[in-house]
Amino acid sequence: QVQLVESGGGLVQPGGSLRLSCAASGSIFSINVMGWYRQAPGKQRELVASITSGGSTIYADSVKGRFAISRGNTKNTVYLQMDSLKPEDTAVYYCTARVQVRPVSTYDYWGQGTQVTVSS
């Protein structure tokens with residue numbers, strides 16, 4: 001079993017910053033990619049950012065230049081530094097990981113989500 005636990009969400013003013021953290025634990029052989037998705041009420045879940053085991057990153061156009069994704073030293077931890085936050089960033093943010101648990105078995109896992117609210 002693999003578990004993902006997010007933290008760092010909260011209420012912040014427009015222009016402010018938050019740092020989200022996610023830690024993966026369990027029966028992990030390797031993690032190919034970790035990332036963050038978000039979902040606002042009435043909207044589809046969208047990819048915010050992802051990072052591969054090799055360090056390659058992908059960002060949604062809406063967050064480029066404002067958000068930065070990074071991996072911890074163990075690569076079982078991922079962070080999302082969010083700067084210059086806008087009200088449009090308000091959503092539940094979900095950590096995800098593509099985990100290889102056996103030589104030929106790879107699965108996607110999701111955290112429970114953490115609420116980010118950007119408001120005056």
Side-chain angles (χ1 to χ4, degrees):
Q1 293 183 318
V2 175
Q3 297 181 51
L4 301 177
V5 180
E6 305 107 327
S7 63
L11 175 65
V12 66
Q13 297 182 66
S17 298
L18 285 173
R19 182 176 173 86
L20 305 184
S21 300
C22 175
S25 62
S27 300
I28 300 171
F29 180 76
S30 66
I31 299 179
N32 302 118
V33 60
M34 297 187 76
W36 293 91
Y37 283 72
R38 67 185 181 187
Q39 187 166 25
K43 297 183 179 180
Q44 289 186 305
R45 184 174 296 187
E46 64 174 347
L47 174 68
V48 178
S50 66
I51 184 167
T52 69
S53 59
S56 298
T57 58
I58 295 174
Y59 293 94
D61 288 341
S62 59
V63 307
K64 287 181 179 177
R66 300 189 298 119
F67 291 9
I69 190 169
S70 61
R71 289 257 214 138
N73 291 335
T74 67
K75 296 190 176 182
N76 286 355
T77 303
V78 66
Y79 305 96
L80 185 67
Q81 178 66 44
M82 305 185 294
D83 297 327
S84 301
L85 283 162
K86 304 175 181 179
E88 306 92 89
D89 296 317
T90 297
V92 177
Y93 284 70
Y94 297 91
C95 177
T96 187
R98 183 158 292 169
V99 181
Q100 185 174 335
V101 297
R102 289 184 290 276
V104 294
S105 299
T106 301
Y107 303 97
D108 290 340
Y109 292 89
W110 295 83
Q112 294 297 307
T114 184
Q115 177 70 49
V116 171
T117 302
V118 184
S119 176
S120 298

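Count residues from 1 along the sequence. Computed from a prediction, not measured in an experiment: that's the story for all the values here.
- Side-chain contact, Asn32 with Ser53: no donor N or O sits under 3.5 Å from an acceptor N or O.
- When side chains are defined from C-beta on, Gln44 does not count as touching Tyr37, because their heavy atoms never get closer than 4.5 Å.
- With hydrophobic clusters built from ILVMFWY side chains whose heavy atoms lie under 4.5 angstrom apart, Leu80 shares a cluster with Val12.
- Using cut-offs of 30° and 60° for the angle between ring planes, the Phe67 and Tyr93 rings count as tilted.
- Residues Ser27 and Val2 approach most closely at O-CG2, 3.8 Å, considering heavy atoms.
- The minimum heavy-atom distance between Leu4 and Ala97, with the atom names listed, is CD1-N, 3.7 Å.
- At least one side-chain heavy atom of Thr90 sits under 4.5 Å from a side-chain heavy atom of Gln115.
- In this structure, Val78 and Ile31 have side chains that are not in contact, with every pair of non-hydrogen atoms separated by 4.5 Å or more.
- Under the 3.5 Å distance criterion, the side-chain polar atoms of Ser50 are left unmatched by any main-chain donor or acceptor of Gly35.
- By the 6.0 Å contact criterion, CD on Gln13 is open, its count of non-hydrogen atoms from other residues, nucleotides or ligands being 12 or less.
- When all heavy atoms are compared, the tightest approach of Ser17 to Gln81 is CB-NE2, 4.0 Å.
- Contact record, Arg71 with Thr52: NH2-C, 3.6 Å, taken as the closest heavy-atom pair.
- Look at Asp89 and Lys86 and you find no salt bridge, because none of the NZ, NE, NH1 or NH2 atoms lies under 4.0 Å from a carboxylate O.
- Ion pairing between a basic and an acidic side chain is recognised when a charged N comes within 4.0 Å of a carboxylate O; Arg98 and Asp108 show such pairing.
- Shown here for Ala91 and Ala40, the closest heavy-atom pair between the two residues is CB-N, 3.9 Å.
- Side-chain contact between Glu6 and Leu20 is absent, with no heavy atoms from C-beta onward closer than 4.5 Å.
- Smallest separation of non-hydrogen atoms from Ser21 and Tyr79: OG-CD2, 3.3 Å.
- In this structure, the side chains of Asn76 and Ser25 stay at 4.5 Å or more apart for every pair of heavy atoms.
- Met34 has its side chain within reach of Cys22: a pair of non-hydrogen atoms, C-beta onward, lies under 4.5 Å apart.
- The side chain to side chain contact (heavy atoms under 4.5 Å, CB included) test with Tyr94 is passed by exactly one of Gln39, Arg38, Gln112: Gln39.
- Formation of a donor-acceptor pair under 3.5 Å by the Tyr59 side chain with backbone atoms of Gly65 is not found in this model.
- When the shell of 6.0 Å around CD1 of Ile58 is examined, it contains 12 or fewer heavy atoms from other residues, nucleotides or ligands.
- Cluster membership for Val101 and Phe29, using ILVMFWY side-chain heavy atoms within less than 4.5 angstrom, is not shared.
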**Prompt:** Would Tyr109 and Ile28 count as a side-chain contact (heavy atoms from CB on, under 4.5 Å) if you check the C-alpha gap in whole Å, the side-chain angles of each, and the deciding distance to 0.1 Å?
**Reply:** CA-CA 11 Å; Tyr109 292 89; Ile28 300 171; over 6 Å; no

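- Contact check for Arg45 versus Trp110: side-chain heavy atoms found under the 4.5 Å cut-off.
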